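Down below is the structure, laid out as structure tokens.
Every value quoted in this text rests on a predicted model; they were computed, and no experiment measured them. Naming: A, B, ... by sequence-line order, numbering from 1 per chain. Reckoned from all heavy atoms, side chains included, excluding hydrogens, waters and symmetry mates.
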Amino acid sequence: MTRYRQMFDRLDNKGAFGAFVMLGDPDIETSAAILDALVEGGADMIELGIPFSDPVADGPVIQAAAERALANRVTPSDCFALIRDFRAKHASVPVGILTYANIVLARGMEAFYRSASVAGVDSVLVADVPAFEAEPFARTARAAGVAPVMIAAPNTPSETLQRLAVLGGGYTYCVARAGVTGAGDDISLNHDALFGELRRLGAPPPVLGFGISTPDHVKAALDAGAAGVISGSAIVRLIEAGAEGVADRIRAFVASMKEAA
Amino acid sequence: MRMKGRFGAFGGAYVPEILMPALEQLEAAFLDAQQDVAFQAELAELLAKYAGRPTPLTRCRNLGSAKARLYLKREDLLHGGAHKTNQVLGQAMLACRMGKRRIIAETGAGQHGVATALAGALFGLETRIYMGAHDVERQKLNVFRMQLMGAEVVPVESGSAGLKDAINEALRDWTASFADTHYLLGTVAGPHPFPLMVREYQRVIGIEARAQILEEEGRLPDAVIACVGGGSNAMGMFSDFVEDEDVRLIGVEAAGKGLDGAEHGATLLRGRPGILHGAETYVLQDADGQISESWSVSAGLDYPAVGPEHAYLKDSGRAEYVGATDQEALDAFALLARSEGIVCAFESAHALAYALKMIEEAREELVLVVNLSGRGDKDMEQAQLLLGLKP
């Protein structure tokens, strides 16, 4: 059984709280401590960015995180090493990678998914690969034992939902609103119809992201039928505020969010 | 999508899922409009009576010789000052057809921004232009022209503050605004259907040039030559010659300060296949896949990717790609001004520089057509500086 399946089973009908940070932000050592703090704060699943120079799906907060990591010369190999060390300490927490297509291709598609698998990664989401282009990525991921996470948006037509229900694995990343990543008030959380359709199609469990930044957001998303939520920019902002005490800040924030799940 | 959007192994549509419906809507609108006689008639009329088509094919009187004859396709004479106007009119009409009231665009040299601004004014569309802060600085005149025509110009500070970063910001805007906004992408790059659509709207350059050279010479040219940044003026010129196998298609990339260093924009010569801005194509990148910062004296060629059809034409061997350095382009720019009384854009000067090299080496009869894609007014300040001329 996959770690995602085990986690959803263990949570039963309670929602999963997923935490996103950029690997290597602000540097490798601090990043390792931050990953531990996410678990200690109660995160059920961890989503980790591999920094890319041109992250078009990301808003200013996560762009800045990638820039900090790249300024410190953090490479995909460093990221896999961070995950390997994390996995040695935390055997059961599902770990997903979020990155961009060129990072996958540059390593070679097979080599990338194999590196991910060896490091203990459970899933990979490629932000700029829609269902239309996903087949080779999904096939290669599965061959390496990695779940290909697909994105569903409120405007995604039902033929595409059908396609990603078949292609996708782990969970289905549902975006809460049009636009790029970022914490904000302009999110709509009543995606009952999208969640219902995904469940009807037998897609992997719907997890809502993009703009989830308060315990109220968590509660509303889960009430609407999400199997979980992912909070990213709100956590990354705590890192932006400086390395001093960052692990404590993150532990406390994650705990407050998890409590609402 | 009705089509795969591929040119051999290149192209495709690599965008966040949320943008796919917008691309599908655009593809449908474009393909339908291609079959719509009324749409085509309106576009043709705009191209003729508003933009000033056909543009002339000028034989150089002083450059070249009786044996080696150099022709310039005068897109610099088009309204707006560059070939960009051709395709902007088509896309703005599509925006209206789709019921969108706002257009956004990226710009490098500012020519596409100017073209988008004029179309925005003409069709009454709210217009926002993203432009790298570095380019805002070196293309001030074009910034003012855009503002004069009612467009909002947003300087982009991220990354290298150039064309690549302006495209990133435009894409981010579009992922939030697609419901009422059309992204009027300026070149044959980006996700499907942009490379196909922009090529089709630029094809008029090659159609005219082919007829004009046949009229002048009674035969096809030995080569057609165009500069390649994203590659729209080159695709426009090449498309109607692709099936004429004896006509060499030569794309000239920005060799910047030299192809051996890192300061150039020669994506096809020095890059390798990857995915940037929605398309699988050649990309300047490091071993990990981080995109490299490009360099060129001409903002319009300062881009680390290239239209996917050029990647295909390179790999299939149908087109050749070469480089011209900043210095070679500047020399050609100055020479054209002095010899022919034509001040071209720095971008176009790259194509000219390579043509002049071919003419110098010519032993037999040679007929060349260079796409003079834009005029050089925007580059005056830089030219004064770089050529050491006193204002």
Heavy-atom closest pair (B:Ile18 atom, A:Gly179 atom, distance to 0.1 Å) is CD1-N, 4.5 Å
So, the part of A:Phe137 with a heavy atom under 4.5 Å from chain B: the answer is side chain
Honestly, the part of A:Leu105 sitting under 4.5 Å from a heavy atom of chain B is side chain
Here the pair of heavy atoms bringing A:Pro76 nearest to B:Asp288 is CD-CG, 3.4 Å
Does atom CD of B:Glu152 have more than 12 heavy-atom neighbours, drawn from other residues, nucleotides or ligands, at distances under 6.0 Å? yes
Value for CD (B:Gln290) from CG (A:Asn102), rounded to nearest 0.5 Å, stands at 8.5 Å
Whatever's closer than 4.5 Å to a heavy atom in chain A on B:Leu276 counts as side chain
With chain B, the option among A:Pro157, A:Ala127, A:Pro154 that has the most non-hydrogen atom pairs under 4.5 Å is A:Ala127
message: Is it the case that atom CD in B:Gln34 sees more than 12 heavy atoms from other parts of the structure closer than 6.0 Å?
response: yes
Rounding to 0.5 Å, atoms CZ (B:Arg6) and CD (A:Glu133) come to a distance of 4.5 Å
So, the part of A:Ala131 with a heavy atom under 4.5 Å from chain B: the answer is both
Between A:Ala178 and B:Thr175 the two heavy atoms that sit nearest each other are CB-O, 3.4 Å
Heaviest contributor of heavy-atom pairs below 4.5 Å to chain B, chosen from A:Val129, A:Leu70, A:Asn155, A:Val104, is A:Asn155
A:Val175 and B:Glu17, any side-chain heavy atoms less than 4.5 Å apart:
no
Check your understanding: Is the CZ atom of B:Arg272 crowded by more than 12 outside heavy atoms at less than 6.0 Å?
Key -> yes
Under 4.5 Å to a heavy atom of chain A? For B:Ala287 that would be backbone
Output for pair (B:Ile291 CD1, A:Tyr100 OH), nearest 0.5 Å, gives 12.0 Å
In short, A:Pro55 meets B:Arg172 closest at the heavy-atom pair O-NH2, 2.9 Å
Max heavy-atom pairs within cutoff under 4.5 Å with chain A, candidates B:Asp165, B:Asn168, B:Val15, B:Leu171, goes to B:Val15
Residue pair A:Phe132 / B:Leu23, side-chain heavy-atom distance below 4.5 Å:
no
Applying a strict 4.5 Å limit to non-hydrogen atoms, the region of A:Pro51 in contact with chain B is backbone
Whatever's closer than 4.5 Å to a heavy atom in chain B on A:Ile50 counts as neither
Output for pair (B:Glu24 CD, A:Thr160 OG1), nearest 0.5 Å, gives 6.0 Å
Taken to the nearest 0.5 Å, the spacing of B:Ile275 CD1 from A:Asp54 CG works out to 13.5 Å
